[in-house]
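Throughout, residue positions are numbered sequentially from 1 according to the sequence presented. Just so it is clear, the values below take in all heavy atoms, side chains as well, and ignore hydrogens, waters and symmetry mates.
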Amino acid sequence: MNFYYNSNSTETESYKKELIKRLYTDDLEEKKSQQELVIEEEQNTQEIDEEELKKYNELDDKLYYNSNLEAFTLSLYFLNSQKDLEQTANYIKDSLKNL
């Protein structure tokens with residue numbers, strides 16, 4: 001906050017106008033710099049490759065895909081007992097050892 005006192009009212013009015021103008025100009029410059037940053041960020045975003053987007057849209061929603069867009073499926077099994085869980089865990093463990 002700025003305080004300024006002068007017994008001469010014309011000088012005070014002059015200073016007041018100058019101060020308001022400077023504050024307004026500073027505010028405009030700050031807003032302009034913020035807008036420039038936003039514009040720069042928007043320009044830095046990657047362009048969407050229409051062909052790649054088309055490839056993704058053509059993929060079947062019922063399948064899963066790896067990073068090379070090769071389809072694969074998952075088989076899910078639901079286990080009801082501790083014995084089933086243990087047998088399945090051992091089967092997965094053995095299968096991974098054989099890879």
* Asked: Which pair of heavy atoms, one from N66 and one from F72, lies closest together, and at what distance?
  -> N-CE2, 3.6 Å
* What distance separates E52 CD from L69 CG, expressed to the nearest 0.5 Å? -> 8.0 Å
* To the nearest 0.5 angstrom, please state how far the NZ atom of K31 sits from the CD atom of E36. => 14.5 Å
* **Heavy atoms of other groups near N68 CG, more than 12 under 6.0 Å** => yes
* Pairwise side-chain contact, L85 with Q82, heavy-atom cut-off 4.5 Å (strictly under) -> yes
* Side-chain heavy atoms of L19 within contact of R22, under 4.5 Å -> yes
* **Which residues share a side-chain contact (heavy atoms from CB on, under 4.5 Å) with S14, sequence neighbours left out** => none
* To do: Report, as yes or no, whether the 6.0 Å neighbourhood of atom OH on Y65 holds more than 12 heavy atoms from other residues, nucleotides or ligands.
  => yes
* Asked: Do I20 and L28 share a hydrophobic cluster, counting only Ile, Leu, Val, Met, Phe, Trp and Tyr and linking them when any side-chain heavy atoms are less than 4.5 Å apart?
  -> no
Please tabulate, for the side chains in residues 88-99, all donor-acceptor contacts under 3.5 angstrom to protein atoms that are two or more places apart in sequence or on a different chain.
| unit_1 | atom_1 | unit_2 | atom_2 | d |
| --- | --- | --- | --- | --- |
| T88 | OG1 | D84 | O | 2.8 |
| N90 | ND2 | E86 | O | 3.3 |
| S95 | OG | Y91 | O | 2.9 |
| N98 | ND2 | D94 | O | 3.2 |

